[in-house]
Number of protein chains: 2
Amino acid sequence: MGRLISDTVEDYLKMIFDLSAETDRVSTGMIADALNVSPASVTDMIQRLATEDPPLLDYIKHQGVALTDEGIKIALEIIRHHRLIELFLHEVLGYSWDQVHAEADRLEHVISEDFEERVAAVLGDPLRGLHGKPIPTASLEMPDQNTSYLLDMRPEQHGVIHSVNDDDPDFLRYLEAQGLVPGAKFSIVDFSPYDNNLRLRLSGQDQEIVLGMGVTTQVQVEVLDFES
Amino acid sequence: MGRLISDTVEDYLKMIFDLSAETDRVSTGMIADALNVSPASVTDMIQRLATEDPPLLDYIKHQGVALTDEGIKIALEIIRHHRLIELFLHEVLGYSWDQVHAEADRLEHVISEDFEERVAAVLGDPLRGLHGKPIPTASLEMPDQNTSYLLDMRPEQHGVIHSVNDDDPDFLRYLEAQGLVPGAKFSIVDFSPYDNNLRLRLSGQDQEIVLGMGVTTQVQVEVLDFES
DNA sequence: TTATAATTTTAGACTATTCTAAATTCCTGT
DNA sequence: ACAGGAATTTAGAATAGTCTAAAATTATAA
């Protein structure tokens with residue numbers, strides 16, 4: 001417990017956790033892009049984290065990294081902070097859903113366990129964040145969510161928006177304007193295989209909307225068995 | 001405005017502001033003691049801050065430093081953050097008055113202007129902090145408070161507790177147990193010139209309490225013209 | 001007023017994080 | 001199977017902040 005983890009290290013671990021959703025091993029280049037630092041800096045850092053005691057990363061030269069259990073624990077702690085803070089900023093201080101991310105990115109590193117607990121209590125121990133993502137539990141379990149990407153849905157299928165990426169305020173305002181918020185139900189009307197565009201209709205709305213990969217890769221859904 | 005001020009620099013400026021209440025020029029040694037760093041580190045830092053553009057400190061070798069107007073502005077910004085956050089933690093999250101300081105010391109550096117404004121609004125733009133100290137206004141004016149130290153009061157005088165130092169949780173719990181909280185009225189009963197002990201009675205209480213310099217130097221009061 | 005003590009400053013070094021540029025390794029396509 | 005290009009790693013350096021030990025300055029006090 002008593003390890004001294006810098007904000008920078010926390011950012012690396014959190015980002016590697018996110019990127020691990022895509023690939024088994026996360027490459028130096030992916031991390032560098034995501035964190036806006038040079039690949040050389042990433043190599044330095046991951047080598048350091050892999051030789052910590054206990055190691056936070058499992059690193060194989062030229063093959064990228066995977067988080068160790070220890071690394072996962074730290075990442076989940078920060079992700080829990082982040083999502084609780086986002087919800088708190090919205091519920092208690094009236095932030096809009098596109099404003100919360102930047103503030104949470106700074107606060108997540110400095111709050112105490114006590115702060116975390118009190119915020120969770122005020123919010124009623126929420127299971128999901130403002131953008132739909134699950135919040136790791138106090139004992140750092142990440143609930144399974146049986147979701148898929150909107151990208152992979154096809155005509156005739158029905159679904160409900162589960163969660164969206166929270167890091168781009170413009171994108172979030174766009175989604176909200178379209179009604180693409182967690183909980184919104186929809187049916188797929190058409191799919192265009194050449195550009196991967198999806199045409200869908202939100203339940204309760206007449207108009208159809210067409211979404212390209214810039215959107216469909218950023219939105220996670222639950223597929224429903226029938227229209228409801 | 002767009003200067004990049006590190007947390008460390010903010011801590012130096014805040015501390016120098018506090019110490020400036022005592023002396024005109026603040027010495028290297030005082031800062032080193034207060035921040036728990038070596039005198040050599042302080043010399044390095046104050047030389048740097050005095051040669052910033054614009055300078056944050058006015059520094060004369062071997063004679064200590066004073067804040068420039070620019071330095072004062074930054075210090076007041078952080079002090080405003082600190083005191084708003086302390087109040088917020090108490091009012092909204094139920095922290096006790098001895099718990100708030102450590103948390104505020106970390107949060108004060110990372111909150112945005114937006115956060116500051118929203119918290120101030122939720123709290124109703126308070127003028128005084130949890131421990132009685134004035135809160136700098138949004139435009140960074142520090143309200144005058146016409147107070148003196150409890151230390152300097154003498155028998156027959158009456159007063160009201162204005163504010164107390166917030167940085168020692170044990171001390172704060174002790175004060176609370178004694179009823180020595182901002183707003184409490186009292187009369188001085190006796191003064192012992194050899195040990196500087198003061199005997200006083202809180203209004204509404206029969207029992208008298210004796211306080212030494214360890215307490216009376218840490219408590220600020222408003223002197224009242226008559227008992228009320 | 002001069003020696004001694006206290007304080008402050010300088011010098012040199014360490015850690016964390018970052019960078020650029022050069023070297024190395026891996027992968028892919030012919 | 002190997003040449004070229006892409007990705008990664010190494011090497012060397014910068015900055016912010018800290019330290020200890022030594023040198024310099026100021027203050028004290030006989």
Side-chain angles (χ1 to χ4, degrees), chain A residues 2-16 19-20 22-66 71 74 78 105-106 108-110, chain B residues 2-16 19-20 22-53 55-66 71 74-75 78 105-106 108-110:
Chain A
R3 236 184 309 53
L4 0 21
I5 304 287
S6 72
D7 293 3
T8 308
V9 169
E10 289 180 349
D11 281 336
Y12 271 86
L13 295 175
K14 185 173 61 137
M15 190 56 83
I16 293 166
L19 296 172
S20 298
E22 312 290 315
T23 23
D24 211 36
R25 296 200 87 82
V26 180
S27 74
T28 302
M30 286 172 73
I31 300 169
D33 283 353
L35 292 177
N36 254 298
V37 295
S38 71
S41 301
V42 173
T43 300
D44 273 3
M45 180 60 92
I46 64 186
Q47 286 177 345
R48 216 185 89 208
L49 298 182
T51 54
E52 291 269 292
D53 178 32
L56 271 15
L57 294 178
D58 174 25
Y59 167 60
I60 307 176
K61 230 181 239 192
H62 291 104
Q63 287 177 234
V65 295
I74 296 167
I78 300 300
D105 252 357
R106 282 174 282 112
E108 66 189 8
H109 302 294
V110 306
Chain B
R3 235 184 308 55
L4 1 20
I5 305 287
S6 71
D7 293 3
T8 309
V9 169
E10 289 179 349
D11 282 336
Y12 270 87
L13 295 175
K14 185 174 62 139
M15 191 54 84
I16 292 167
L19 296 172
S20 297
E22 311 291 315
T23 23
D24 212 36
R25 295 201 87 82
V26 181
S27 73
T28 302
M30 286 172 75
I31 300 169
D33 282 355
L35 293 177
N36 256 298
V37 295
S38 72
S41 300
V42 173
T43 300
D44 274 3
M45 179 61 91
I46 64 186
Q47 286 177 345
R48 216 185 89 206
L49 297 183
T51 53
E52 291 270 293
D53 177 33
L56 273 14
L57 294 177
D58 173 26
Y59 167 59
I60 307 177
K61 228 181 239 190
H62 291 105
Q63 286 178 235
V65 294
I74 296 167
I78 300 299
D105 253 358
R106 282 174 281 112
E108 65 189 8
H109 302 294
V110 305

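Since the structure is predicted, the reported quantities are computational estimates derived from the model, not experimental observations.
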Exercise. Stepwise, does the side-chain contact (heavy atoms from CB on, under 4.5 Å) test hold for B/Tyr12 with B/Ile5?
Worked result: CA-CA 11 Å; B/Tyr12 270 87; B/Ile5 305 287; over 6 Å; no
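Atoms CG (B/Asp7) and C1' (D/dA16) sit 12 Å apart, rounded to a whole Å. Across the protein-nucleic acid pair, B/Leu49 atom CG and D/dA16 atom P stand 11 Å apart, rounded to whole Å. A straight line from CD of A/Glu10 to P of C/dA16 spans 15 Å, rounded to a whole angstrom. We find that CD1 of B/Ile31 is positioned 15 Å from P of C/dT7, with the value rounded to whole Å. Straight-line distance from the CE atom of B/Met45 to the C1' atom of C/dT8: 17 Å, rounded to whole Å.
Using a 4.5 Å heavy-atom threshold, the side chains of B/Val42 and B/Leu35 count as separate. With a 4.5 Å cut-off on side-chain heavy atoms, A/Val65 and A/Ile16 count as touching.
Evaluation of the salt bridge (Lys or Arg N to Asp or Glu O under 4.0 Å) test over residues 55-66 of chain B, restricted to residues two or more places apart or in two chains, returns B/Arg25-B/Asp58.
Residue B/Ser41 places at least one side-chain N or O under 4.0 Å from the OP1 or OP2 atom of D/dC19. Here A/Ser38 reaches the OP1 or OP2 of C/dC19: one of its side-chain N or O atoms lies under 4.0 Å away. Considering only side-chain N and O atoms, B/Tyr12 lies nowhere under 4.0 angstrom from the phosphate OP1 or OP2 of D/dA16.
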Problem set entry | Annotated protein contacts, base or backbone, on nucleotides 5-12 of chain D with a non-hydrogen cut-off under 4.0 Å, one of B, S, - each | ---SBB--
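Stem analysis of DNA chain D (at least three stacked-register Watson-Crick or G-U pairs, each with both distances under 3.5 Å) gives C:1-30 with D:1-30.
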